[in-house]
Amino acid sequence: MPTRPEKVYYFGTCLIDLCYPQAGMAGIELLRHAGIQVIYPQQQSCCGQPAYNSGFPEEARRVARQQLKAFAKDYPIIVPSGSCGGMLKHHYPKLFADEPEATVAKRFSDRVFELSEFLVRVLDVKLEDRGQPIKVTWHSSCSALREMRVIEYSKSLVRQLKNVEMIELQRERECCGFGGSFSVKQADLSSAMVADKVADIEQTGAALLLSGDCGCLMNIGGALEHRKIPIPVKHVAEFILERAHG
Amino acid sequence: MANPVTVDFPRNFTKALNDGQLRRNLRAAMDTLGLRRRNLFSDPEAFEQLRARGDAIRRRALNKLPQLLEQLERTCTENGIQVHWAETPDEASRICLAIIQRHNATRVIKGKSMVSEEMHLNHFLEGHGIEALETDLGEYIIQLDHETPSHIIVPAIHKNRDQIARLFHEKIPNTPYTEVVEELNAIARQVLREKFFAGEVGVSGVNFAVAETGTLCLVENEGNGRMCTTAPPVHIAVMGLEKVVERLEDVPPLLRLLTGSATGQLITTYFNMITSPRKPDEKDGPKEVHLVLLDNGRTQIWADPELRQTLKCIRCGTCLNHCPVYTRLGGHAYGYVYPGPIGSILTPQLEGLENAGAMATASTFCGACEEVCPVKIPIVDILRRLRVEAYNKADSPHAVKGHGYKVNAAENLTWKGWALSNATPWVNALNARLLGLLGPQLSKLPAPDIVKKWTQSRALPPFASKSLHVLAKEKGIGDE
């Protein structure tokens with residue numbers, strides 16, 4: 001891990017950009033509360049994962065090149081998502097392995113950190129809970145769990161909040177069935193998976209579902225809403241910002 | 001039963017997903033197998049070390065595959081085992097048939113073998129008037145019900161006790177109905193005992209073949225494998241040609257990984273090492289042992305360094321047990337011999353993308369399979385590669401059979417448009433604004449197919465009126 005920097009880049013992710021900008025802003029605010037100057041390159045867009053995972057590596061590279069350009073300086077790149085973080089950190093080197101940008105891509109990847117890991121391991125943030133007692137449950141995205149391996153950091157942030165009781169899911173390690181294009185290409189399978197996830201969430205009795213990935217939240221939140229189950233979903237950054245600085 | 005030319009994946013998947021009994025049976029069984037595995041490999045560090053060894057052994061074997069196969073042929077031949085090479089499943093079946101017919105045999109007893117499933121051997125032999133009886137309990141159960149294995153290790157796992165009780169009662173003459181497991185076992189044992197003594201040729205699979213010593217290793221729990229390989233006068237072992245390992249000392253770590261991953265066992269009840277037919281001074285064992293080595297496209301897979309890793313597989317089936325897709329479908333929905341994550345990377349390569357390419361789309365890339373794979377097969381990377389090949393018409397010598405089958409103008413255009421937007425900041429900003437404006441209206445517009453599929457079980461995503469780009473700018477977040 002790097003030592004505490006003065007400035008960091010923030011990669012907002014396209015999904016947060018379009019659908020969950022308040023979650024994105026919360027990540028920025030948490031970094032600023034920790035005394036870090038945040039740079040949000042306006043030239044940024046998507047990590048390229050949708051095309052990369054759908055069989056279109058050329059198109060993925062074209063979009064990825066835009067990010068290499070937008071995040072050219074030597075600052076750490078903070079990402080409020082395990083999935084997009086995983087793409088930037090673990091797949092860019094493969095995507096550019098045979099390209100002129102191979103070295104640049106490798107250096108870029110070395111600078112990528114998932115938000116909660118960065119808050120805990122580099123900035124060592126201490127949170128004081130100002131909120132009312134609440135029961136929450138936690139969904140681990142597969143990429144945060146297996147690729148970025150940051151779940152313990154995300155959860156440790158939530159555990160710092162003394163009025164928050166976190167009840168774990170019975171099948172926390174099981175995928176929610178989002179999988180990007182999988183959700184529409186294999187709609188029945190995806191629906192069956194998210195239905196089981198929703199049932200697991202319901203049985204916890206939690207009033208709120210937290211996660212570090214908005215793709216999963218869009219899937220699970222959409223399924224909860226579709227079934228009219230009154231359990232809202234929230235990105236962990238937004239939740240801890242409200243509790244500690246709200 | 002031969003595979004249909006095309007498998008109707010959507011229909012199969014929907015049918016399996018709506019089968020509550022199947023879903024409950026699978027879930028319970030997979031949870032049990034997963035728990036047993038976790039209990040055995042309870043020390044993550046020790047497991048990582050062990051699987052690093054397994055990976056290294058398998059990689060070394062594959063890197064030397066041509067030499068090791070020649071060496072295996074030599075050592076087996078020296079040991080008196082007759083070695084046969086088959087390029088296609090049909091060729092392998094014909095080799096088996098010729099051996100069986102040479103002995104005027106009509107009754108074959110079989111131990112569990114996935115390669116024999118790949119050959120559709122039972123069906124082939126039946127067509128030539130030869131009865132091939134499965135003697136593995138799970139295989140016996142599904143053979144009674146005219147089914148194929150739904151799992152590569154536990155082939156009847158889709159059935160529960162009640163279903164098996166009814167099946168025995170209906171299909172085995174003079175069998176009273178019982179749900180008592182011990183009684184069901186006794187019924188099968190009684191039927192199979194008689195068949196073992198009547199079997200004229202025994203057919204088995206091979207878990208590992210040791211090039212150094214010419215030894216065929218067979219892992220099993222019931223003793224039926226040992227009966228098939230020792231009771232009849234002729235034993236035919238069928239094996240995918242990737243199953244060779246270099247040295248005898250390679251076997252113990254692989255065996256530990258195999259049994260631990262498959263069923264959470266430290267070792268199986270039986271572990272057979274077959275190194276020759278009966279010798280003149282020996283009282284038992286077959287007089288002839290044959291080894292049939294099947295290629296069936298493996299050489300083509302082997303030629304590509306990335307795809308080659310598919311061949312590291314030791315067929316433990318743990319990727320199936322841990323797969324959120326397999327645990328909801330079972331093996332039959334996949335329509336081919338090998339289901340689950342390993343099936344989804346192997347089958348499209350064996351059968352061609354145009355036939356089985358859809359299997360590569362039945363994954364969220366959750367990575368649960370890779371996490372438990374005892375030989376570290378990069379399953380997700382290979383699935384992704386298959387998705388690329390599906391749209392790749394380029395004529396490379398390593399291209400997967402059926403490559404480019406999915407090429408179509410509509411998808412090409414969609415991704416080109418997506419790339420243009422995401423590589424051009426002003427277009428991207430415009431799109432974000434449009435979606436923000438249109439977002440609340442989207443549900444009122446006629447929905448394209450992709451939206452319908454999303455909303456069959458989910459509300460639409462909440463498009464924001466102001467994107468993060470806009471919010472960040474308004475809040476004065478630096479842009480450099």
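So you know, we letter chains A, B, ... as the sequences are listed, proteins then strands, and number each from 1. All heavy atoms count here, side chains included; hydrogens, waters and symmetry mates do not.
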So which of [options] has the largest heavy-atom pair count under 4.5 angstrom toward chain A?
options	value
B:Asn412, B:Leu471, B:Thr424	B:Leu471
B:Ser457, B:Gly478, B:Pro425	B:Ser457
B:Leu420, B:Leu329, B:Val380	B:Leu420
B:Thr364, B:Val470, B:Leu435, B:Leu386	B:Thr364
B:Arg23, B:Lys452, B:Glu389	B:Arg23

Engaged part of [X] at the chain B interface, taking heavy atoms whose separation is under 4.5 Å:
X	value
A:Glu147	neither
A:Ser143	neither
A:Arg61	neither
A:Lys69	neither
A:Arg173	side chain
A:Ala70	backbone
A:Gln43	both

Side chains of [X] and [Y] in contact at under 4.5 Å (non-hydrogen atoms):
X	Y	value
A:Cys175	B:Phe365	no
A:Ser183	B:Trp454	yes
B:Asn422	A:Glu59	no
B:Asp381	A:Lys94	yes
A:Arg171	B:Asp31	yes

Side-chain donor or acceptor of B:Asn428 paired with backbone N/O of A:Ser45 under 3.5 Å: no
What's the shortest heavy-atom distance between [X] and [Y], and which atoms?
X	Y	value
B:Lys453	A:Val184	CD-O, 3.1 Å
A:His226	B:Thr455	CE1-O, 3.4 Å
B:Ala423	A:Gln66	O-OE1, 3.0 Å
B:Ser467	A:Pro21	C-CB, 3.9 Å
B:Leu17	A:Ala192	CD2-CB, 3.7 Å
B:Trp418	A:Gly48	CH2-CA, 3.6 Å

Contacting region of [X] [heavy-atom separation from chain A under 4.5 Å]:
X	value
B:Phe13	side chain
B:Ser363	backbone
B:Arg433	neither
B:Ala390	neither
B:Ala358	backbone

More than 12 foreign heavy atoms under 6.0 Å from [atom1] of [X]: is that the case here?
X	atom1	value
A:Asp98	CG	no
B:Arg27	CZ	yes
A:Lys185	NZ	yes
B:Glu474	CD	yes

SB check A:Arg146 B:Glu370 (cutoff 4.0 Å): no
Qualifying residue, where the test is side-chain hydrogen bond (donor to acceptor under 3.5 Å, both in side chains) with A:Tyr40 and the options are B:His469, B:Lys475, B:Lys473: B:His469
Between A:Asp188 and B:Gln456: side-chain donor-acceptor atoms closer than 3.5 Å: yes
Spatial distance of atom OG (A:Ser181) from atom CD1 (B:Ile450) [nearest 0.5 Å]: 8.5 Å
Distance, nearest 0.5 Å, that separates CG of A:Leu18 from CG of B:Asn431: 8.5 Å
A:Phe56 and B:Tyr391 aromatic ring geometry - parallel, tilted or perpendicular at 30°/60° bounds: tilted
side-chain hydrogen bond (donor to acceptor under 3.5 Å, both in side chains) between A:Asn219 and B:Arg458, intermediate numbers included: CA-CA 7 Å; A:Asn219 183 43; B:Arg458 286 160 293 234; 2.8 Å; yes
